[in-house]
Amino acid sequence: MAAGKGRVLPLLAVAAALAAALLYTAPFSKSLGGEGCSLLPHGHFWIASQRVVALGRVGPAAVEVKEGLINAIAVGDYRSFVLRRPLVDYGDAVIMPGLIDVHAHLDEPGRAEWEGFSTGTRAAAAGGITTLVDMPLNSFPSTVSEETLKLKVDAARDKLYVDVGFWGGLVPENALNPSKLESLLNAGVLGLKSFMCPSGINDFPMTNSTHIEEGLVTLAKYKRPLLIHAERIPDVASDEELDGELDPRSYATYLKSRTPAWEESAVRDLKRAMKDTEVGGRSEGAHLHIVHLSDSKTSLRLLKDAKHSGAKVTIETCPHYLAFSAEEVPDGDTRFKCSPPIRDAANKENLWEALLDGHIDMLSSDHSPSTPDLKLMEEGNFMKAWGGISSLQFVLPVTWSHGKKYGITLNQLASWWSEKPAELAGQKNKGSILPGYHADIVVWNPEAQFHLDDSHAVYHKHRNISAYLGNELSGKVLSTFVRGNLVFAEGKHAGAACGATILAK
Ligand SMILES: NC(=O)N[C@H]1NC(=O)NC1=O
Ligand SMILES: [Zn+2]
Ligand SMILES: [Zn+2]
């Protein structure tokens with residue numbers, strides 16, 4: 001007995017020493033590093049915490065990650081099975097599906113000076129976003145054909161820190177030409193996007209309802225969505241717009257120039273297209289997705305009615321409509337200019353209500369930066385400045401900081417930012433922490449507060465154009481995993497950019 005024990009003990013001691021060496025506790029201090037795709041030198045490991053958002057619940061669990069996928073989830077007090085190593089113990093931090101941002105303008109090729117794949121995906125990784133879907137406009141050329149999609153994919157090579165898919169553009173040139181549309185869809189765009197008003201980009205002209213209805217018929221065959229910028233210049237100008245000379249530095253002037261009637265006019269114009277998506281309709285199988293809804297009144301009511309009648313319609317809104325109100329926008333501060341505009345505080349309240357009630361399905365950033373000169377920050381001219389909010393890195397803390405007042409839950413965050421967007425983008429292996437799914441995960445501390453001051457690391461190409469600078473926020477991203485690679489942790493990115501381009505098959 002004694003001799004036997006004597007033989008076992010040293011072995012146990014060796015095992016214990018090995019296990020201790022492979023137990024990581026955040027913060028990682030000096031244990032991170034490497035030039036490779038991951039800051040963590042393991043392809044098979046466990047991560048655990050007291051607050052894992054999985055299987056419809058939040059609680060203690062350990063998640064096994066193997067070769068980029070989630071292999072198993074062990075629910076319960078993981079400290080009883082700590083022998084499974086390597087293990088990263090995140091303590092009280094939240095482990096959640098990585099965010100999927102279905103609406104980002106990365107602007108490359110052609111306008112990399114506005115953002116670009118490298119800076120954009122570094123900012124995404126730092127913000128807990130593990131997948132982006134890039135919009136077809138603001139880059140040059142726009143993504144409207146097989147050839148231009150190829151330019152996107154080529155430009156993205158070796159620059160991606162997170163996974164990136166692409167929407168194609170539905171424009172007058174391809175909308176009535178099914179074979180052109182099919183070649184774009186066959187090349188791998190996840191769906192199409194169109195504008196019902198001028199987009200601000202010359203090579204991305206707007207579509208009318210006929211273009212949309214015809215495009216949907218082709219999309220129905222592919223079961224991919226059409227995303228619509230639903231603002232349309234109303235047929236009758238409102239009295240307010242007719243008022244004489246208005247100060248272009250005043251935010252009220254901008255609001256009057258782009259009233260909720262723009263959104264309402266677009267939604268009314270989509271009536272037939274929405275009807276066509278119903279069971280038995282001309283484009284059954286297709287799906288209309290309204291991007292960045294701002295008008296929480298008539299436009300939302302009409303969309304709710306269409307949903308109730310059986311139309312396949314989903315709606316997104318963006319953190320800036322939930323965080324800011326028109327009353328707070330300082331005159332001349334064009335960082336807040338976007339379209340549709342940020343409206344009054346009552347509108348913001350109604351948007352939160354619609355989100356909590358499930359009428360708004362999901363969130364996206366609509367990160368749409370430009371070079372600072374185009375924001376005309378000195379002149380402060382709202383009518384001439386580039387419209388677009390810079391927010392990619394901050395969407396998680398912004399949603400959480402403002403949503404806390406409304407009692408939002410971690411499961412709701414995961415639904416709005418991961419599950420529903422994965423469904424929209426047709427990503428069946430993303431958006432949830434489930435066995436067999438991609439190990440796309442954000443680990444964050446909801447209680448950590450920070451001031452977005454000059455000392456805060458911002459990875460967007462142009463930090464000063466973000467309307468969130470100076471804000472006090474809570475929710476700090478600790479780690480971001482993309483298909484098992486630890487791509488960001490504690491202010492550091494992985495050495496190599498190993499994100500994948502996602503092409504639909
Ligand atoms: N072209 C472009 O990015 N436009 C975006 N900017 C904005 O504020 N709303 C948009 O649709
Ligand atoms: Zn838009
Ligand atoms: Zn956009």
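Every number for a ligand or one of its atoms is a count from 1 in the order of the listing.
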Any side-chain donor paired with an acceptor under 3.5 Å for D373 and T371? yes
Is ligand 1 less than 4.0 angstrom away from at least one heavy atom of G200? no
Report the nearest protein non-hydrogen atom to atom 5 (C) of ligand 1: residue, atom name, distance rounded to 0.1 Å. S368 OG, 3.9 Å
Could K312 and E284 be called an ion pair, given the rule that one side-chain N must be under 4.0 Å from one carboxylate O? no
Fit a plane to each ring of W352 and Y406, take the angle between them on a 0 to 90° scale, and name the class: parallel (under 30°), tilted (30 to 60°) or perpendicular (over 60°). parallel
Subset of ligand 1 atoms that lie under 4.0 Å from at least one heavy atom of C338: 8 (O)
Suppose I only count heavy atoms of H229 and a 4.0 Å limit; which atoms of ligand 1 are within that range? 10 (C), 11 (O)
Is there a heavy atom in W386 that sits closer than 4.0 Å to ligand 1? yes
Closest to the Zn ion (ligand 3), which N/O/S atom of H103 is it? NE2
Distance-only donor-acceptor check, side chains N464 and S466, under 3.5 Å: no
With a 4.0 Å heavy-atom cut-off (strictly under), which part of S199 contacts ligand 1: side chain, backbone, both or neither? backbone
Is the backbone N or O of C318 less than 3.5 Å from a side-chain atom of S364, with the two atoms forming a donor-acceptor pair by type? no
Logged contact type for D366 with ligand 1, heavy-atom cut-off 4.0 Å, is side chain
For atom 8 (O) of ligand 1, grab the closest protein heavy atom and report residue, atom and distance to one decimal in Å. S339 N, 2.8 Å
For L137, the atoms of ligand 1 under 4.0 Å from one of its heavy atoms are 1 (N)
D305 side chain to H308 side chain, donor-acceptor N/O pair below 3.5 angstrom: no
Exactly one of F324, Y254, Y251, Y321 clears ring-ring contact (aromatic ring centres under 6.0 Å, His included) with F336, and that residue is F324
For H292 and ligand 1, answer yes if some heavy atom of the residue is under 4.0 Å from a ligand atom, otherwise no. yes
F195 to ligand 1: N or O pair under 3.5 Å? no
Suppose we only allow N, O or S atoms; which atom of D366 ends up nearest to the Zn ion (ligand 3)? OD1
Any non-hydrogen side-chain atom of L190 less than 4.5 Å from a side-chain atom of Q427? yes
Among the N, O or S atoms of H229, the one nearest the Zn ion (ligand 2): ND1
Indicate yes or no for a side-chain donor-acceptor contact from H460 to the backbone of G120 under 3.5 Å, with no hydrogens or angles considered. no
Answer yes or no for H105: is there an N/O/S atom below the 2.8 Å cut-off from the Zn ion (ligand 3)? yes
For the pair H103 and H292, evaluate ring-ring contact (aromatic ring centres under 6.0 Å, His included) and give the outcome as yes or no after the intermediate values. CA-CA 9 Å; H103 191 154; H292 55 45; 5.5 Å; yes
Out of I201, N138, I342, whose heavy atom is nearest to atom 1 (N) of ligand 1? N138
Atoms of ligand 1 less than 4.0 Å from G387 heavy atoms? 6 (N), 7 (C), 8 (O)
Taking NZ, NE, NH1 and NH2 as the nitrogens, is one of them in R232 or D235 under 4.0 Å from a carboxylate oxygen of the other? yes
